[in-house]
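As a basis for the values below, the full set of heavy atoms in this structure was taken, side chains included, without hydrogen atoms, waters or symmetry mates. Not measured: the values here are computed from a predicted model.
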Amino acid sequence: MIRRIQGRVVENRNLHDSMWFLRLHAPGLEQAQAGQFIQLTCGPGLTVPRPFSIWDSQPTEQCIDLLYRVVGKGSRRMTEWQPGFTTPLLGPLGCPFMSPPAGTQALLVAGGVGLAPLDFFARQLAAQGIATTLLWGIESESPLPVAADPERETLSAGLALNHLQRLGVYSRLASLTPRPGFFQGFVTELAAEILQKMEPGQRRHCRLYTCGPEPMMAALAQVAERFALQGEASLEAHMACGFGGCVGCVARIREHGTDHYRRVCMDGPVFPLQDVDWPAADRHVVDPAESRCRM
């Protein structure tokens, strides 16, 4: 059920550079699922609320967590919020990720703050006993604690996210900038490398999930096509209302062989990876090993 409430700041702190963590007391939203989001009012004079993916939910505390990056006037104002500050919000909105069938493993590919819903989803999958790997493309030092992880057959040796490693979720970080412990290259190249190393029978039971910059997700769609895999993508879009009224966030989605325009806020933001009509500028990518993306 969608609720319009006053969210109260419990914690708001800088993680690293422009990345921030925000915990809100938001009764009624604590049952939100990975892939859903909220519309958050950032302050007076900013009449259009901003959409933020939910990074985690805390049912016992009636709280939700957000991971946000400072990119404009609204997010800059958010960095000034102190515990006890209240602001209107609407949620939970959108359709969540769907867990893969039993016996399937999940490969999650995130770019930048696209980590938030996939990190949330990885923890949900781990609780369900589903083998999960998360890859994160980020062009800066990790704002989250990392530690060395022994090399596995299908994963390049390197750093892993501590909180996921404790849950049995394997993770790796990718960056174009040479950095110890990071895979050097695009995160989609790392995904293709991991899939290539899998046994064919194992690979057939893998499902892809992604969220991040559109060029990255378009490149991953090519990876999925190369290996004949299915998956889901969480799309980003400018939104005014968040509940389908303004129809300002449409995306072209292929359904049953026919293209339709669907609202990202209500019909998504999660759509089948293979059904999204990715921009023509990215359709030239044929070999995922040659793909290029921003994260």
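Ser175 and Phe182 make their closest contact through CB-CD2, 3.6 Å (heavy atoms, listed as atom of the first residue, atom of the second, distance). Scanning both residues, Thr86 and Gln6, for their nearest heavy atoms gives OG1-NE2, 3.6 Å.
When the shell of 6.0 Å around NE2 of His205 is examined, it contains 12 or fewer heavy atoms from other residues, nucleotides or ligands.
One finds the SG atom of Cys211 at 12.5 Å from the CZ atom of Phe121 (value rounded to the nearest 0.5 Å).
The ring pair (Phe, Tyr, Trp, His ring centres under 6.0 Å) check on Phe271 picks up nothing, with sequence neighbours excluded. Partners of Arg203 by salt bridge (Lys or Arg N to Asp or Glu O under 4.0 Å), not counting sequence neighbours: none found. The salt bridge (Lys or Arg N to Asp or Glu O under 4.0 Å) test applied to Arg254 returns Asp259, not counting sequence neighbours. Listed by chain and number, the residues in a side chain to side chain donor-acceptor pair (under 3.5 Å) with Gln196 are Arg226 (sequence neighbours excluded). By the side chain to side chain contact (heavy atoms under 4.5 Å, CB included) test, Ser53 is found to be paired with Ala116, Pro117, residues two or more places apart in sequence or in another chain being considered. For Ala26, the side chain to side chain contact (heavy atoms under 4.5 Å, CB included) partners two or more places apart in sequence, or in a different chain, are Ile5, Leu29, Ile64. For Tyr261, the ring pair (Phe, Tyr, Trp, His ring centres under 6.0 Å) criterion is met by no residue, not counting sequence neighbours. Partners of Glu225 according to the side chain to side chain donor-acceptor pair (under 3.5 Å) rule, which considers only residues two or more places apart in sequence or in another chain, do not exist here. Partners of Asp275 under the salt bridge (Lys or Arg N to Asp or Glu O under 4.0 Å) rule, at least two apart in sequence or in another chain, do not exist in this structure.
Pairs passing the salt bridge (Lys or Arg N to Asp or Glu O under 4.0 Å) check and including a residue from residues 16-37, sequence neighbours excluded, read Arg23-Glu61, Arg23-Asp65. Legend: ring pair (Phe, Tyr, Trp, His ring centres under 6.0 Å) pairs involving residues 124-144, not counting sequence neighbours: none detected.
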Side-chain donor-acceptor pairs under 3.5 Å in residues 87-99, sequence neighbours left out?
from  : atom 1 : to     : atom 2 : distance (Å)
Thr87 : OG1    : Thr41  : O      : 2.5
Ser99 : OG     : Gln128 : OE1    : 3.1
Ser99 : OG     : Gln128 : NE2    : 3.2

>> Set out, in order, the CA-CA distance, both residues' side-chain angles and the distance that settles salt bridge (charged side-chain N to carboxylate O under 4.0 Å, His left out) for Arg252 and Asp277, then state yes or no.
In response: CA-CA 6 Å; Arg252 194 158 72 175; Asp277 183 14; 2.4 Å; yes
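Using a 4.5 Å cut-off between side-chain heavy atoms of Ile, Leu, Val, Met, Phe, Trp and Tyr, with links allowed through other members, Val71 and Met78 fall into different hydrophobic clusters.
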